[in-house]
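Quick notes on the structure that follows.
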Amino acid sequence: MKRALLVDDHRLFRECLAVMLEEHTDLENTVQAGSLAEARGIWGNLPSEVDLAIVEFDLPNGEGISLIENLREVEPEIPVLALIASRDLGRHARALRAGADEVLSTASSGEKIVGVVQRLVGR
């Protein structure tokens with residue numbers, strides 16, 4: 001069973017994306033967090049059980065960049081998709097430098113996000 005950690009503070013977006021991923025990818029379970037603190041708490045219990053992390057750049061209590069950096073330190077092989085609301089190229093570059101494999105706008109279509117996830121998890 002492939003699992004994803006999905007970190008985004010917009011609950012409706014997060015829940016809809018989780019359903020789409022479970023229907024259209026090899027991911028069978030999506031663990032969700034709405035804040036940086038919640039994600040860190042979840043991650044502490046799951047690191048070797050997660051096959052993909054999807055992390056929003058702007059979270060209520062910090063930047064997702066710090067979580068991406070932490071993920072890379074602990075599990076460097078896990079693919080990471082960063083989601084950024086801004087079209088600021090500097091933020092995209094920061095996410096890539098932090099270790100994100102891909103960076104997409106939160107305004108991207110569900111089809112585009114699913115396609116990137118399929119490529120990252122091997123389906």
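Everything quoted here is computed from the prediction, not taken from an experiment.
Annotation: side chain of Cys16 is not in contact with side chain of His10 (no heavy-atom distance under 4.5 Å). When side chains are defined from C-beta on, Val7 counts as touching Leu5, because their heavy atoms get closer than 4.5 Å. Side-chain contact check for Leu17 versus Ile113: some heavy-atom pair is nearer than 4.5 Å. With a 4.5 Å cut-off on side-chain heavy atoms, Glu75 and Val50 do not count as touching. The side-chain heavy atoms of Leu81 and Asp101, taken from C-beta on, include no pair separated by under 4.5 Å. Under the 4.5 Å side-chain criterion, counting only non-hydrogen atoms from C-beta, Ile65 is in contact with Phe57. Here the side chains of Glu111 and Met20 are not in contact, with every heavy-atom distance at 4.5 Å or above. Between Leu71 and Ile78, the closest side-chain pair of non-hydrogen atoms is not below 4.5 Å.
Interatomic distance, CZ of Arg97 versus CD of Glu69, reported as 10.0 Å (0.5 Å rounding). Glu63 contributes atom CD, which lies 9.5 Å from atom CD1 of Ile84 (distance to the nearest 0.5 angstrom).
For Asp9 and Arg14, the salt-bridge test fails: no basic side-chain N is under 4.0 Å from an acidic carboxylate O. Taking a cutoff of 4.0 Å between a charged side-chain nitrogen and a carboxylate oxygen, Asp88 and Arg94 do not qualify as a salt bridge.
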Test log, rule side chain to side chain contact (heavy atoms under 4.5 Å, CB included), inputs Asn61 and Ser35: CA-CA 7 Å; Asn61 56 345; Ser35 70; 3.7 Å; yes

Worked check of side chain to side chain contact (heavy atoms under 4.5 Å, CB included) between Arg3 and Glu28: CA-CA 6 Å; Arg3 297 176 81 177; Glu28 296 177 24; over 6 Å; no

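Taking both residues in full, the closest heavy atoms of Leu36 and Gly62 are given as CD2-CA, 3.8 Å, listed atom of the first, atom of the second, then distance. Between Leu6 and Ala18, the shortest heavy-atom contact is CD2-N, 4.0 Å. Annotation for Arg119 and Glu102: closest pair NH2-OE2, 2.7 Å, computed over non-hydrogen atoms. Between Ala33 and Ile42, the shortest heavy-atom distance links the atoms CB-CD1, 3.8 Å. In plain terms, the two heavy atoms of Asp51 and Val121 that are nearest each other are O-CG1, 4.1 Å.
Side-chain contact check for Thr106 and Glu56: no donor-acceptor pair (N or O, by modelled atom type) lies under 3.5 Å.
Checked options Leu52, Leu120, Val117; the residue passing with Thr25 is Val117 (criterion: side-chain contact (heavy atoms from CB on, under 4.5 Å)). Exactly one residue among Val103, Leu104, Ile54 makes a side-chain contact (heavy atoms from CB on, under 4.5 Å) with Val116. That residue is Leu104.
In the hydrophobic clustering of ILVMFWY residues, with side-chain heavy atoms under 4.5 Å counting as a link, Val31 and Val74 come out together.
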